[in-house]
Amino acid sequence: MVLTKKIEGKSVIGSPGHSTDEKRQQVGTFLRNADKSILRELEGRVILGLRRRGKMILIDCAGNRSILIHLKMTGQLFVTSHREPVDKHTRFILRFKSRSRELRFRDIRKFGFIRCLGTSEADGCPELAGLGPEPLDLDFRSFQSLLKGRGGRLKPLLLNQKIIAGIGNIYADEILYRARLDPRARVQSLKVKEVRRLWLAMRRILREAITLRGSSIRDFIDSERKEGEYQDRHLAYGREAEPCPRCGRKIARIRLAGRSTYYCPRCQR
DNA sequence: AGCCCATCCTGTCCGC
DNA sequence: TGCGGACAGGATGGGC
């Protein structure tokens with residue numbers, strides 16, 4: 001993406017907004033979940049690089065400043081023309097020195113956040129410090145030991161960012177479907193063969209999803225405003241009552257870990 | 001430890 | 001067409 005671009009003077013701004021409702025909002029209100037000091041902290045700095053850790057995005061800037069972003073459910077982070085109209089869900093704009101393009105953070109439900117912190121303290125900040133390992137960095141043995149002694153159920157384990165970082169509701173379901181494992185199964189009860197299937201499925205599903213640039217169900221777009229294509233490959237998630245591609249039985253939907261969970265009651269056990 | 005629930009917020013969709 | 005309720009890629013904190 002945008003490397004070594006200089007952030008311009010008045011570059012970080014709250015959206016002017018177009019609706020009357022928006023006009024009444026103070027900038028401070030509009031930058032909800034964001035530290036206002038980000039405005040002057042970033043001015044004039046050069047972007048040095050981009051990182052990701054679990055679901056957290058980091059933009060490292062010169063002078064030991066980093067921007068930390070979580071998109072949560074409906075967040076979007078994209079580069080666009082400065083001419084592109086700014087809608088009421090846009091919460092943040094980084095304008096670059098070159099002026100013609102800018103980075104925007106849009107978030108309909110406002111669950112996401114963006115804040116500034118010292119690059120050197122980033123790894124130790126609360127949002128990053130507690131995260132488990134990256135799923136694609138885990139070899140089979142490490143994965144095995146990660147599961148050892150856990151009494152809970154499979155799906156909540158996959159969703160737990162402290163155990164493994166980065167897996168969300170869609171991919172938890174897709175991974176378990178591919179591994180042919182019941183989302184409610186006890187982690188302890190898994191045989192070595194099943195742990196192996198889970199590990200393989202995790203790697204396969206995440207790699208494919210990354211290649212296809214993620215799943216756009218409703219709001220998700222990438223940094224170029226492009227939708228992902230992985231939603232077309234979902235075999236379980238969002239397919240309640242549709243036939244299981246493997247056995248034909250209807251995909252079931254249950255509530256687990258507070259989330260909708262789709263699985264095949266025949267294949268997954 | 002682990003489970004469920006409510007909560008943050010806006011938008012969409014479905015049944016009546 | 002309108003209205004109410006359920007639900008949505010996440011994560012946390014409280015209570016049991």
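What you see below is based on every heavy atom in this structure, not just the backbone, and it leaves out hydrogens, waters and symmetry mates.
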- request: State whether A:His70 places a side-chain N or O below 4.0 Å from either non-bridging phosphate oxygen (OP1 or OP2) of C:dA11.
  value: yes
task: May I ask you to say what A:Arg184 touches in the nucleic acid, namely base, sugar-phosphate or nothing, with a heavy-atom cut-off under 4.0 Å?
output: nothing
- prompt: What is the distance from CG of A:Leu159 to C1' of C:dG9, rounded to the nearest Å?
  reply: 11 Å
- prompt: Does the side chain of A:Thr90 come within less than 4.5 Å of A:Phe105's, by heavy atoms?
  reply: no
field: N or O in side chain of A:Lys55 less than 4.0 angstrom from C:dA11 OP1/OP2
entry: yes
A:Lys110 vs B:dC8: side-chain N/O to OP1/OP2 distance below 4.0 Å: no
Dot-bracket summary - DNA chain B, pairs being Watson-Crick or G-U whose distances fall under 3.5 Å, with | when paired to another strand: .|||||||.|||||||
- request: Answer yes or no: is there an ion pair linking A:Arg204 with A:Glu208, defined by an N-O contact shorter than 4.0 Å?
  value: yes
query: For A:Asp219, which contact category applies under a 4.0 Å heavy-atom criterion: base, sugar-phosphate, or nothing?
result: base
message: Does a side-chain N or O of A:Thr74 approach OP1 or OP2 of B:dG11 to a distance below 4.0 Å, or not?
response: no
Basic-acidic side-chain contact under 4.0 Å: A:Arg253, A:Asp173: no
message: In this structure, how many angstroms lie between the P atom of B:dT7 and the CE atom of A:Met73, rounded?
response: 16 Å
message: Salt bridge or not between A:Asp182 and A:Arg184? Use side-chain N to carboxylate O under 4.0 Å.
response: yes
query: Within the structure shown, what part of the strands sits under 4.0 Å from A:Ser216 by heavy-atom distance: base, sugar-phosphate, or nothing?
result: nothing
message: Just the rounded figure in Å: distance from P of C:dG10 to CZ of A:Arg109.
response: 10 Å
task: Classify the nucleic acid contact of A:Tyr230 as base, sugar-phosphate or nothing, counting any heavy atom under 4.0 Å across all strands shown.
output: nothing
- prompt: In whole Å, what is the span from the CG atom of A:Asp87 to the P atom of B:dG11?
  reply: 10 Å
field: Value in whole Å for how far the C1' atom of C:dG9 lies from CD of A:Gln231
entry: 12 Å
- request: Would you indicate which nucleotide in C:dA8, C:dG9, B:dC8 comes nearest to any side-chain atom of A:Phe111?
  value: B:dC8
- prompt: Whole-Å distance between B:dG2 P and A:Leu158 CG?
  reply: 14 Å
query: Base, sugar-phosphate, or nothing: which does A:Gly152 touch, judged by heavy atoms less than 4.0 Å apart?
result: sugar-phosphate
- prompt: Under 4.5 Å between any side-chain heavy atoms of A:Phe220 and A:Tyr230, yes or no?
  reply: no
- prompt: Are any of A:Arg186's side-chain N or O atoms less than 4.0 Å away from OP1 or OP2 of B:dA1?
  reply: no
- prompt: So, A:Lys72 and A:Asp107, do they make that salt bridge, N to O below 4.0 Å?
  reply: no
field: Ionic contact status for A:Arg115 with A:Glu127, cut-off 4.0 Å
entry: yes
- prompt: What does A:Ile217 touch in the nucleic acid at a heavy-atom separation under 4.0 angstrom: a base, only the sugar-phosphate, or nothing?
  reply: base
